[in-house]
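Remember, predicted model here, so these are calculated numbers, not experimental data. Labels below follow one simple rule: chain letters A, B, ... track the order of the sequence lines, proteins then strands, and each chain is numbered from 1.
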Amino acid sequence: MTEPMTPLWEVFIRAKAGLAHRHVGSLHAADAEMALQAARDVYTRRGEGVSLWVVPSVAITASDPGDEAALFEPAASKPYRHPTFYPVPKEVGDM
Amino acid sequence: MTTFVMPFDYVLGLADDALVLGHRLSEWCGHAPLLEEELALANIGLDLIGQARALYDHAGALEGKGRDQDTLAYRRDAPAWRNLLLVEQPNGDFAVTIARQFLYSAYAAPFWRAMTASPDANLAGIAASAANETAYHRRHASEWLVRLGDGTAESRRRAQAAIDLLWPYTGEMFAVDGTVTALVADGIAADPAALRAGWDETVAAVLAEATLVRPADGWMQSGGRRGQHSEHLGYILAELQFLQRAYPGGQW
């Protein structure tokens with residue numbers, strides 16, 4: 001659906017200081033400032049965050065689902081890349 | 001330390017402003033032009049209704065006759081309401097709703113900020129959250145007004161018509177009666193005259209960015225604070241109060 005007056009924006013929220021912004025959804029708005037306000041009203045009504053990003057959806061370059069096998073399959077056969085074969089000293093605690 | 005007793009009528013007027021405007025915004029529920037704006041208007045309405053509830057509780061306690069927030073909201077006829085005429089004006093088109101919100105919150109945000117210094121601790125507490133809420137309402141309405149005014153020829157025409165329509169209701173925000181004068185003299189309430197310059201500045205800046213013309217300050221409507229309302233309040237109360245009038249004390 002194309003809406004030239006109110007293009008699509010992707011919304012990212014930082015839940016609290018120190019955490020990364022996470023994608024939470026999208027919305028329609030006329031420009032960046034209106035998108036920011038709409039994001040505040042649509043996505044932070046229950047104290048979800050302390051910081052907002054809005055990004056024009058057209059600015060996102062996405063991988064092609066058809067390339068899934070070529071892009072991601074090769075990683076499946078390389079379990080040694082996961083740090084699961086190393087005993088963690090007790091003093092380290094939670095990682 | 002002196003204990004201050006705010007006049008019941010004064011707090012009631014603030015509560016009525018918040019409830020009536022909140023009710024007006026609730027009328028947009030299901031009718032807003034965008035899903036995003038639907039939520040924004042409902043959010044703002046809920047902020048205002050929340051302010052009203054706290055203010056009614058406080059007013060009821062000051063009055064000391066056992067009237068709680070529901071009694072005050074649901075069991076008074078129009079002449080007993082003390083809200084500004086501005087907030088009871090009909091939603092009109094989206095431009096009128098935005099213009100009304102802008103003109104009111106450009107006043108309410110600095111008003112509540114000033115009231116955080118009130119020696120009435122309850123009122124100061126309510127003011128602290130209301131100041132943040134109305135500052136956002138002002139921002140929301142300002143941004144919309146700029147885009148409507150500086151938008152298409154049609155949106156500009158409607159935005160200017162909305163400002164012109166509501167302008168005669170803006171003087172009442174800064175009008176003072178004997179009660180307010182006494183409260184200001186005692187340092188208990190914010191001085192409306194002192195808020196005037198800031199309001200003028202906000203309005204001038206936003207209207208300029210919106211390429212809209214500030215109407216001349218002619219004759220101003222008044223009477224809301226004395227219980228003399230436009231016909232519109234009666235219709236609001238008919239809808240707002242129907243259930244409690246038909247089923248007094250009904251709970252859900």
Side-chain angles (χ1 to χ4, degrees), chain A residues 1-68 71-72, chain B residues 22 25-26 28-51 93-95 97-98 101-102 105-106 109 129 132-156 158-159 205-206 209-211:
Chain A
M1 188 169 63
T2 52
E3 299 196 35
M5 297 292 279
T6 53
L8 197 62
W9 300 76
E10 302 299 324
V11 180
F12 299 77
I13 297 179
R14 163 178 279 165
K16 58 181 183 183
L19 295 182
H21 285 74
R22 285 188 58 160
H23 184 240
V24 293
S26 56
L27 51 79
H28 288 276
D31 54 48
E33 174 57 32
M34 297 306 268
L36 208 51
Q37 287 188 184
R40 182 264 190 193
D41 286 320
V42 176
Y43 290 107
T44 68
R45 297 183 303 143
R46 299 176 185 87
E48 285 90 341
V50 296
S51 168
L52 276 171
W53 285 351
V54 289
V55 178
S57 302
V58 295
I60 290 176
T61 307
S63 63
D64 185 341
D67 293 342
E68 196 181 327
L71 290 175
F72 308 119
Chain B
L25 292 178
S26 81
W28 274 103
C29 224
H31 303 279
L34 287 167
L35 171 71
E36 289 77 357
E37 202 48 31
E38 170 95 11
L39 283 162
L41 292 173
N43 278 351
I44 294 170
L46 283 171
D47 283 347
L48 291 165
I49 290 168
Q51 292 171 17
D93 58 16
F94 186 64
T97 292
I98 289 298
Q101 204 67 37
F102 169 68
S105 53
S129 57
N132 286 336
E133 289 167 350
T134 47
Y136 180 74
H137 303 171
R138 179 182 55 190
R139 170 175 168 169
H140 171 266
S142 301
E143 296 292 348
W144 264 116
L145 195 60
V146 167
R147 281 153 184 82
L148 294 175
D150 193 15
T152 65
E154 176 67 1
S155 72
R156 184 175 189 286
R158 286 176 181 255
V206 173
E209 200 183 344
T211 72

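- One finds the CG atom of B/Leu35 at 9.0 Å from the NE2 atom of A/His28 (value rounded to the nearest 0.5 Å).
- Proximity to chain B at a heavy-atom threshold of 4.5 Å picks out A/Arg45 from residues 43-59 of chain A, in numerical order.
- Within the 4.5 angstrom heavy-atom criterion, atoms from both the backbone and the side chain of B/Arg139 approach chain A.
- For residues 4-17 of chain A, no residue pair satisfies the salt bridge (charged side-chain N to carboxylate O under 4.0 Å, His left out) rule, not counting sequence neighbours.
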Let me have the donor-acceptor pairs involving side chains of residues 60-68 of chain A, under 3.5 Å, with sequence neighbours excluded, atom names and distances please.
from, atom 1, to, atom 2, distance (Å)
A/Asp64, OD1, A/Gly66, N, 2.8

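- Nearest heavy atoms, A/Asp41 versus B/His140: OD2-CD2, 4.2 Å.
- Enclosure of atom CD in B/Glu209 is not indicated, since only 12 or fewer non-hydrogen atoms of other residues, nucleotides or ligands lie within 6.0 angstrom.
- Among residues 29-38 of chain A, the residues having any heavy atom closer than 4.5 Å to a heavy atom of chain B are, in sequence order, A/Asp31, A/Glu33, A/Met34, A/Leu36, A/Gln37, A/Ala38.
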